[in-house]
There are 2 protein chains.
Amino acid sequence: MEKVSLKVIAKELGVSAATVSLVLNGKNKNGRVSEEMSKKIIDKAAELHYIPNSLAKGLKMGHSKSIGLIVADISNVFFGTLALHIQNYAEKGGYTVIIGNTNEKLEEMEKMITFLNSRQVDGLIITPAEGSEFLIESVLKGKKPLVLVDRGFPDLNVPSVLINNYEICYRSTKQLIDQGFKNPAFITYRQDQFHTNERKRGFIEAMKDAGLFTPDHVKEVSYPYLNEDMDKAISQLLKCEKKVDAIFFATNTISMAGVKSLFKRGMLIQKDIQVMCFDETDAIDLFPFRVPFIKQPIKEMAKTALELLIDQIEKKEVTNKKLFLEAELIT
Amino acid sequence: MEKVSLKVIAKELGVSAATVSLVLNGKNKNGRVSEEMSKKIIDKAAELHYIPNSLAKGLKMGHSKSIGLIVADISNVFFGTLALHIQNYAEKGGYTVIIGNTNEKLEEMEKMITFLNSRQVDGLIITPAEGSEFLIESVLKGKKPLVLVDRGFPDLNVPSVLINNYEICYRSTKQLIDQGFKNPAFITYRQDQFHTNERKRGFIEAMKDAGLFTPDHVKEVSYPYLNEDMDKAISQLLKCEKKVDAIFFATNTISMAGVKSLFKRGMLIQKDIQVMCFDETDAIDLFPFRVPFIKQPIKEMAKTALELLIDQIEKKEVTNKKLFLEAELIT
DNA sequence: AATTTTTAATTAATCGATTAACTCTATACT
DNA sequence: AGTATAGAGTTAATCGATTAATTAAAAATT
C-alpha cells in the first residue's frame, strides 16, 4: 500500500498538489478552486484515508503544533494529573504534548530541553528542578515560549503559574494551633526551592506569631532516601522534650511516606497524633476519619499555564506574569 | 538570533551543507572529510549550539524516532508507571514517546491513532479500549508496527505483552479458600475485555474447583459510576444469604474504590472481611496489617513491549508473539 | 609521463506540504 | 472589437537534512 501524500491524491485526480493542499486547508476562497473539484478532492482524500504528514507541515510552517512538558516524574499522581489536564486543554487548541521526566536531575532536564527543542516544540511548560535557573535562562535566551508551573524562581522574569504556598501553609498551621495543637512539627525536603521554602516559611511564621516556634520541630528529608529519613525524622520529633502533637507534611510524597511511617510505629492518626497533608492522595480518603489536607487547583493550573503559553506562541505576547492560584484547605 | 541550521554552520566555514551533515552524523569514513575540517565543523556546531531539526530529518529519513503510547488515563498510577518505564527504555533506544489518553472511549482512541500517525510515529504501543478490535485491525492494515500491552484480543494476531491473568487469579482465589474463607466474592468492571474476563474466569474456576461457586458473588461495576456502583455491590454482597467473608477486587481502581467503600460502612479489613487487591496502590502499604495483592511486573512489561516494538521497527521482523509475563501474589 | 587511486569535497535530488506569484480561459464591460 | 475582471488552476521556491552520484585535485603506481 503506497503512502498517501498530497501528490498521490493530486495524481489520481489529474491536478497539482497545490490545488489539493488549498482545498484540504480550506484556503480555496474567492474562486481558487471550483466547487466541483473541491468536492472531488475531499472525497478522494477520505477514500484514500489521507493523513497529512505533520513533519512536513511543521518544517514548512516553522511550527510543530506541539508543546513540551517537563516534569519530575510522570508516575507521581500530582504530575500525572497535571499532565492529563494539560493534554486535554492542549488538544482543544490543536497542540500535542510531549512529556519528559527529569527525575529531579539537572542533566536530565538539560537533555530534555535540547531534545524537545530538536523536536521543534512551539513552547515549553516546565516544573523546574532545584538549581536549574541557568537552564531556564538559556531557554529564555532562545526566545522559545516558556511557562513554569508548580515551582518558580522569584529572581527570574519568567511567566509562571504557582500557588499561594506561603499563605495556605500559614493558614493551615494556624488552624492546627487554633484547634489546640501546641507542638506542631513540619517535615519538608532538604532542598532549596522557592515553593517548598515558602511552605516552610508559612509554617514558621504562623508558629512564631503564636509564640510556639521551635526550630527543632522543622525536619528535612532527602528525596532519594525518603522512607529512611522519614523514620528518623519522626523518631526525633517524638523524642523532643516538647513532644510533638501534630505533623505538617510539605508535599504529597512526603505525606504518604510520613503517614506510612506513623503507621509502622503504631501511632494512630488523630488519636496519638494529628497530621496535615499537602496534596490529596488516594490514601487520604481511605481513612475512617478526616485528615485535613491542602488541595491544589491542578486543573486550573494546567489551564492557566496553557493559556499563558499559547498566548505567547500565537500572539507573540511576552507576558511575564506570575500567576498565583489559590490552594484550598480541606478539613 | 538567527536559527542555526546546517546551512548556517556551512556558510560560516565556507563549506557545503552536505559536508557538515556528513561530519555531524559520523559518516565521514574512508576519506570523506579531512580531520581538520571535521574538527572545525564539530567545534563550530558546539559554538553555535546547533540542534538538529528532527522534523526535517524525520521527513527525509522516513522515520521520526518517536513512538506513540496510547493508554486509558495517564493520571492512573498503573499507566503512569507504565509510561515512565516505557519512556526510560525508549530514551535509551533514541526514541521519544508521545502519550495519548483515550479515557476508555473508542472515538478518542481513533482520534489518537490518526493523530499519532500524522506525527509519523514509527510505532504504537496501545492498551486498547473495549470493543476496539476494528481499530487495531486498521492499524495492522496500515503496516505500522504495533504492540498491545496489558490488554489483548485473543482472536487478533497482534504482538502483545500480557500477564497470566487467569492463572494468578486462580491461585489468589485458591489461597483465600485455603486460608479458610468460604464465601469470597469478586468485583470487576462491567465490560467485555479479555484481560478482565480472564481474571473473572480465574476466580470462578477456583471457586468451582473448591465446590464453592455462587454466581451472586460476582458483581460488576461501571467505570463512570465506580463509587456509587461499588457501594451498591458491597451492600448486596453483605446481604447475601451466604454472607461474604472476602472480596477479590479485579483492578487497582476497583481495589481503591472497594476499600474506600468498606471503610465508609465501618467494616474493618481482615477483621470483618478479608480483601484481595489487583495491583499495588499507595494505599495498600498504609494499612497496619498486610493486605494481599497481585503485583504486576510493570517495568518488565514496559521493557518487553518496547523490545517487541523496536524489533519490528528496526529489523522489520513481524513477530506475532504474545508474551505472558508472570504477576506475583504478595501476601 | 601517463594512468590509477585516494582524498576531500560539492551538486542536486528528495522527503511532503505550503503559498506567493503567475498563467490561461471565459465572461463582462465600454 | 478591445480591454478588464473573475475564475480555476499551475509553477516553482522553500523549510532543513540526507546521500547517491559526481568532480577535482593530489598522491601513488606503472
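So that the names make sense, note that chain A is the first sequence line, chain B the second, and so on, each numbered from 1.
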Flag if over 12 foreign heavy atoms under 6.0 Å of NZ, A/Lys40: no
Sub-4.0 Å heavy-atom contacts from residues 38-46 of chain A onto DNA chain C, ordered by number: none
Atom-pair distance (CG on A/Asn28; P on D/dT10), nearest Å: 13 Å
Under 3.5 Å donor-acceptor, B/Gln312 side chain and B/Leu146 backbone: yes
Any A/Lys27 side-chain N or O less than 4.0 Å from OP1/OP2 of C/dT19: yes
d(NZ, A/Lys11; C1', D/dT10) in whole Å: 16 Å
What are the atom names and distances for every N/O pair under 3.5 Å that joins the protein to nucleotides 20-23 of chain C?
| from | atom 1 | to | atom 2 | distance (Å) |
| --- | --- | --- | --- | --- |
| C/dA21 | N6 | A/Arg32 | NH2 | 3.0 |

Rounded distance (nearest 0.5 Å) linking atom CD of A/Glu108 with atom OG1 of A/Thr102: 7.0 Å
A/Lys57 backbone acceptor or donor facing A/Ser54 side chain under 3.5 Å: no
Protein N or O to nucleotides 15-17 of chain D N or O, pairs below 3.5 Å:
| from | atom 1 | to | atom 2 | distance (Å) |
| --- | --- | --- | --- | --- |
| D/dC15 | O2 | A/Lys60 | N | 3.4 |
| D/dG16 | N2 | B/Ala56 | O | 3.2 |
| D/dA17 | OP1 | B/Tyr50 | OH | 2.5 |
| D/dA17 | OP1 | B/Asn53 | N | 3.3 |
| D/dA17 | OP2 | B/Leu6 | N | 2.5 |

Residues A/Arg151, A/Glu104; criterion salt bridge (charged side-chain N to carboxylate O under 4.0 Å, His left out); working and verdict: CA-CA 12 Å; A/Arg151 312 160 174 194; A/Glu104 304 285 9; 2.9 Å; yes
A/Ser34 vs D/dG9: side-chain N/O to OP1/OP2 distance below 4.0 Å: yes
Touch class at under 4.0 angstrom, heavy-atom based, for A/Thr19 against every strand present: base
Side chain proximity check, A/Ile74 to B/Gln87, heavy atoms < 4.5 angstrom: yes
Sugar-phosphate, base or nothing in reach of A/Val20, heavy atoms under 4.0 Å: nothing
Sidechain-backbone polar pair: A/Asp122 side chain, A/Ser64 backbone, donor-acceptor under 3.5 Å: yes
Heavy-atom side-chain contact between B/Leu82 and B/Ile125 under 4.5 Å: no
Nucleotide D/dA6, atom P - distance to CD of A/Glu35 in whole Å: 19 Å
Enclosure of A/Lys299 NZ (heavy-atom neighbours >12, cutoff 6.0 Å): no
Polar side-chain atom of A/Ser38 near backbone of A/Ser34 as donor-acceptor pair, under 3.5 Å: yes
B/Val161: which of B/Glu307, B/Lys322, B/Lys321, B/Met301 passes side chain to side chain contact (heavy atoms under 4.5 Å, CB included): B/Met301
